[in-house]
Amino acid sequence: MNKKEILEKFSADPERYYNVNLFEDQGFERRSCIVCSRFFWTLDSERTKCPDHSDDTYSFIGNPPTAKRFDYTQSWKEVESFFVKNNHTSINRYPVVCRWRDDLYFTIASIVDFQRVMGSKVVFEFPANPLVVPQTCLRFKDLENVGVTGRHFSSFCMIGQHSIPNDNGYWKDECVNLDFNLLTEQFGIAKKEITFVEDVWEGGGSFGSSLEYFVRGLELGNAVFTEFQGDLSDYKTLDQRIIDMGAGLERFAWITMGTPTAYDCCFGPITEKLIGQAGIDANSSVLTPYFTEIAKNLELYEDLTQVRKNAIKTTGLTDEQINRIITPLEGIYLIIDHIRTLIFAISDGALPSNVGGGYNLRIMLRRIVSTMDRLKLKFDLDEIIDIQIDYLKNTYPELEKTRNDVKEIISIETGRYDSSKQRMQKIVSKLNKEPKVEDLITLYESDGVTPEYLKEMKVISEIPSSFYSKLSDLHQSKKQKEQVNLPLEGIPDTELLFYNEDPREFNAKVLKSFENFVVLDKTAFYARGGGQEPDHGKISGQEIVDITKHGNIVVHEIKGEIPKEGDVVSCVVDTKRRDGITKNHTSTHIINTSARSVLGSWVWQHSAFKEEDHARLDITHHSALTDEDVTKIEDAANSIIEKAIPVKIENFDRGTAEQKYGFRIYQGGVVPVKSVRIVSIGDLDIEACGGTHVANTSDVEQIKITRTKRIQDGVVRIEFVSGDGAKEFVKKKQQDSENKEKEEKLREQEKEKRLEQRQIVKERIPVIAKSLLECKQGRTTIDEITVEVIESGKANFCYSDSNNYDDVFHIGLGEVLCKSDPNMIYCGLFEQGEKIRVIVYAGDDISKEKSAGDIVKSISQILGGAGGGSPKFAQGGGTDKSKKEDAIKNAKSMIIE
RNA sequence: GGGCCGAUAGUUUAGGGGUAUAGCGCCACGUUCGCAACGUGGAAGUCGAGGGUUCAAUUCCCUCUCGGUCCA
């Protein structure tokens with residue numbers, strides 16, 4: 001079933017699917033486009049083509065069809081007042097970070113606001129009916145169009161008009177009526193200008209007809225009537241029909257203003273300001289024809305560069321005009337658009353990073369910076385943010401609160417980009433040959449140097465076609481989560497006692513037992529979930545190893561004999577463990593809010609883990625935490641404990657909770673049930689949470705952060721302990737520091753000793769050396785060092801086998817002796833633990849005949865080891881201490897021969 | 001979660017199984033009325049921690065810690 005088939009079927013029966021009262025009342029005619037045969041409804045008897053092929057396409061540029069001019073802010077005021085006047089509730093926009101659906105990172109349409117997960121199904125939950133909402137939506141599909149086409153944005157405001165047909169809401173007739181009146185009455189567009197095009201919508205298993213409305217080729221809105229489910233041959237009406245009318249606010253503004261691009265009338269005063277700063281002639285007469293051509297050509301060619309080329313050709317623009325006016329304008333539009341998106345995204349808690357949706361934000365920031373570089377424009381980003389927020393807060397007052405946070409994040413990210421660019425340049429400059437595919441992958445994986453960048457820098461001429469396939473092979477998920485299928489059919493939901501009286505001992509009936517698993521009719525054991533580890537304890541005397549939840553059935557895994565089905569068993573919860581986990585869970589909430597207040601509004605829980613004796617909380621944050629940050633967070637957390645704030649637990653309808661507390665409640669992720677359990681610590685922290693909590697923050701006693709770590713870009717892990725664990729940790733830490741102090745002292749002493757020894761060696765060597773060198777003939781021993789002087793001109797041999805000296809001494813003495821006597825060979829042997837070591841030094845002259853290296857090799861062999869070195873200096877050793885005498889003899893014979 | 005890189009004197013760093021490099025900084029002396037500059041000399045290192053291999057490890061291997069970075 002595809003859209004085309006549905007459209008064919010629906011358009012074959014227009015009376016049933018498309019005809020609405022308005023068309024009857026006003027006398028709309030249904031026509032088929034003479035170009036594409038698409039069906040549309042119009043009051044204009046001359047109109048023979050659908051809006052896509054119409055001759056008046058984009059003729060509003062430079063000549064708007066309305067008497068009044070409304071900019072972005074004013075357009076929303078008009079829309080809002082119209083719908084409110086017509087009994088709609090105006091709802092504030094929802095966050096652009098879509099935390100209530102885990103299949104979406106960003107909010108991409110107004111209808112998404114009201115979609116909730118229920119088990120595995122998506123359902124609609126409306127806070128009012130009917131309603132209208134100015135929903136900021138983020139879309140990153142056509143980023144390359146932004147700034148160029150005149151109408152593509154990375155974020156835009158979707159006017160959402162939503163209704164459920166019941167006592168309060170309405171269906172098709174009323175919807176189209178309202179939309180028509182909005183255009184004609186509120187915006188003053190002539191009735192003949194408005195064209196409705198037949199279309200369909202399909203997705204998520206349901207489908208329905210839709211009417212797109214156009215004015216002069218510009219699609220202003222699309223009213224989707226989600227009505228059916230099933231197959232095209234056999235479908236039935238949904239229990240919950242809804243109207244999803246989405247319209248682009250930017251386009252409403254554009255059509256009333258008739259500016260060359262939608263950008264010119266939607267960003268407020270910033271556009272003019274930047275154009276002025278860049279010194280572009282904004283009133284140039286080329287703009288209107290050029291952008292009209294662009295808009296028209298966009299439908300004709302797929303390739304944007306082709307669209308651009310053609311528009312330039314048709315309007316006869318010179319290269320000079322392109323370079324001086326068009327290109328910088330495109331850059332400015334892009335910069336403003338991207339910053340506006342970043343303002344919304346960062347305000348709502350997203351951070352630029354290398355993962356998921358955050359990556360889109362990073363890409364956008366990099367596009368902003370590289371566009372400025374390319375066009376040699378130097379804008380003050382902080383100023384752009386300020387001016388934009390000043391303008392946007394007319395519609396979205398909440399942006400004021402995060403003004404400084406947005407600036408901070410953008411400045412951090414800009415700095416990172418600068419250093420990463422430098423790093424890439426450095427790496428690229430080091431490349432000395434054309435890299436192979438394998439090298440490209442290494443460069444990409446370990447250094448983040450993209451092949452695109454290499455191509456741009458002309459290091460490679462083409463990106464090898466195998467690059468991406470090899471890369472994806474590399475990242476093919478290694479582990480597959482194994483799905484366990486337990487025989488649980490027909491078993492009723494387990495009654496969860498820990499949400500009520502929460503007894504530590506109770507009796508329950510065994511509903512099912514198999515392998516090591518037991519299912520009870522009720523349980524006070526907490527099952528693994530929400531990052532909270534399961535309880536331990538005993539079921540009829542048998543140890544529990546794990547507890548998991550399958551749907552609403554709790555399954556206990558036990559060690560030992562399992563009870564029989566039908567038995568009533570006595571159960572005991574491990575209280576100490578539960579208390580520990582409970583304290584840690586409440587602590588998680590406390591640290592989360594503390595971190596947010598210390599670090600900034602962008603801090604959200606990323607994930608969490610609570611065990612009996614430790615816990616961790618991962619939060620979204622742009623940098624690693626400093627010691628100061630940690631201390632501040634810890635202090636803030638402990639002050640919450642000191643204040644002894646009651647921890648309140650209430651159940652709410654999901655929609656009510658969202659309206660009452662906002663989306664901060666979804667710290668732990670999507671809640672798949674209609675009723676949410678709200679855990680609040682005063683008004684400091686309010687979260688939807690299914691875990692166990694203490695009654696008062698004072699019960700936590702103390703929180704101690706044990707460690708923090710950056711676990712990925714944009715996520716910081718805080719590991720901590722609370723209650724007795726915290727006390728123990730503090731005690732242990734104190735002991736550790738004491739031990740460390742002791743160790744340090746010991747080290748200091750050793751160091752002193754070493755220095756002393758060195759001093760002695762340094763002072764004694766010259767004295768000993770002097771005496772040794774003074775020996776003229778025969779054999780002399782001084783301080784256990786023996787020197788044998790052979791007739792002059794031949795080798796002199798000096799050796800020591802005393803264990804009173806160490807390597808530093810032998811090396812020092814050898815060096816001094818050989819420097820003074822070029823015929824001297826010095827040989828030092830000494831025991832070191834179980835081993836014996838040998839050091840040989842040879843004077844300049846003698847070393848040419850008798851290499852120290854050779855001597856050492858020979859001696860070491862005798863000693864049962866090995867050695868080596870240069871002709872002048874060598875060292876070696878062995879294990880056989882008893883061969884010491886032999887070794888000396890050998891050395892002597894080698895030297896004297 | 002996975003990969004890659006790094007940790008050497010106060011600092012920035014070279015090196016690499018066999019005496020640990022150099023610049024800056026520091027100290028002393030010389031030159032100078034004095035400073036800077038210059039010249040000469042010097043002090044300063046358990047080469048991140050712990051194991052292993054080896055006669056010998058800062059170097060090779062393993063584990064860990066910390067830091068950086070990239071990918072998912």
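In what follows, chains are A, B, ... by sequence order, proteins preceding strands, each numbered from 1.
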Subject >> Interatomic distance where NE2 belongs to A/H810 and P belongs to B/A56 [whole Å] >> reply: 17 Å
**OP:** Give A/G868 one of three labels, base, sugar-phosphate or nothing, depending on what nucleic acid heavy atoms sit under 4.0 Å from its own.
**Re:** base
Original post:
So, do A/K704 and A/F720 sit near enough that their side-chain heavy atoms are less than 4.5 Å apart?
Top reply: no
Subject >> Which residue lies more 5' along RNA chain B, comparing A/K872 with A/G864 via nearest heavy atoms >> reply: A/K872
**OP:** Figure out the CD1/P separation between A/I811 and B/A56, and round it to whole Å.
**Re:** 15 Å
Original post:
Counting side-chain heavy atoms from CB outward, which of B/U19, B/G1, B/C55 is closest to A/R717?
Top reply: B/G1
Subject >> B/C61 to B/G17 separation - C1' atoms, rounded to the nearest Å >> reply: 13 Å
Original post:
If pairing requires Watson-Crick or G-U wobble contacts with both distances under 3.5 Å, which nucleotide is the partner of B/C26?
Top reply: B/G42
Subject >> Single hit among A/L813, A/I839, A/L829, A/I785 for side chain to side chain contact (heavy atoms under 4.5 Å, CB included) with A/Y805 >> reply: A/I785
Subject >> Rounded distance in Å - NZ (A/K881) to C1' (B/C55) >> reply: 13 Å
Subject >> NZ/NE/NH1/NH2 to OD/OE distance under 4.0 Å, A/E611 and A/R616 >> reply: no
**OP:** Can you tell me, in whole Å, how much space there is between the C1' of B/A7 and that of B/G41?
**Re:** 32 Å
Original post:
Roughly how far apart, to the nearest Å, are B/G1 and B/U54 at atom C1'?
Top reply: 37 Å
Original post:
Regarding A/R99 and the six-membered ring of A/W604, is the cationic atom NZ or CZ under 6.0 Å from the ring centre and inside 45° of its axis?
Top reply: yes
Original post:
Say you pick atom C1' in B/U21 and the same atom in B/U63; how far apart are they, in whole Å?
Top reply: 30 Å
Subject >> Between B/C66 (P) and A/E719 (CD): distance, integer Å >> reply: 9 Å
Original post:
When you compare B/G50 with B/U59, how far apart are their P atoms, in angstrom units rounded to a whole number?
Top reply: 12 Å
Subject >> Nearest-nucleotide comparison on RNA chain B, the residue closer to the 5′ end among A/G877 and A/G867 >> reply: A/G867
Original post:
Base, sugar-phosphate, or nothing for A/A874, non-hydrogen atoms under 4.0 angstrom?
Top reply: nothing
Original post:
Who is the Watson-Crick or G-U wobble partner of B/A7, with both distances under 3.5 Å?
Top reply: B/U65
Subject >> Length of the line joining A/I855:CD1 and B/G18:P, which is rounded to integer Å >> reply: 20 Å
Subject >> A/K835 NZ - B/G18 P separation (whole Å) >> reply: 18 Å
**OP:** Can you tell me the pairing partner of B/G1 across any strand shown, Watson-Crick or G-U wobble, with both distances under 3.5 angstrom?
**Re:** B/C71
Original post:
If we call it a pair only when both distances are under 3.5 Å in a Watson-Crick or G-U wobble match, what pairs with B/U13?
Top reply: none
Original post:
Less than 4.5 Å apart, any side-chain heavy atom of A/I410 and any of A/K407?
Top reply: no
Subject >> Whole-Å distance separating the NE2 atom of A/H606 from the P atom of B/A72 >> reply: 14 Å
Original post:
Roughly how far apart, to the nearest Å, are B/U32 and B/U19 at atom P?
Top reply: 43 Å
**OP:** Quote, to the nearest angstrom, the C1' distance that separates B/G23 from B/C55.
**Re:** 37 Å
Original post:
Roughly how many Å is it from CD in A/E834 to C1' in B/C55, rounded to a whole number?
Top reply: 14 Å
Subject >> C1' atoms of B/U12 and B/G3, separation to the nearest Å >> reply: 29 Å
Original post:
Any ion pair linking A/K883 and A/D880 (charged N to carboxylate O, less than 4.0 Å)?
Top reply: yes
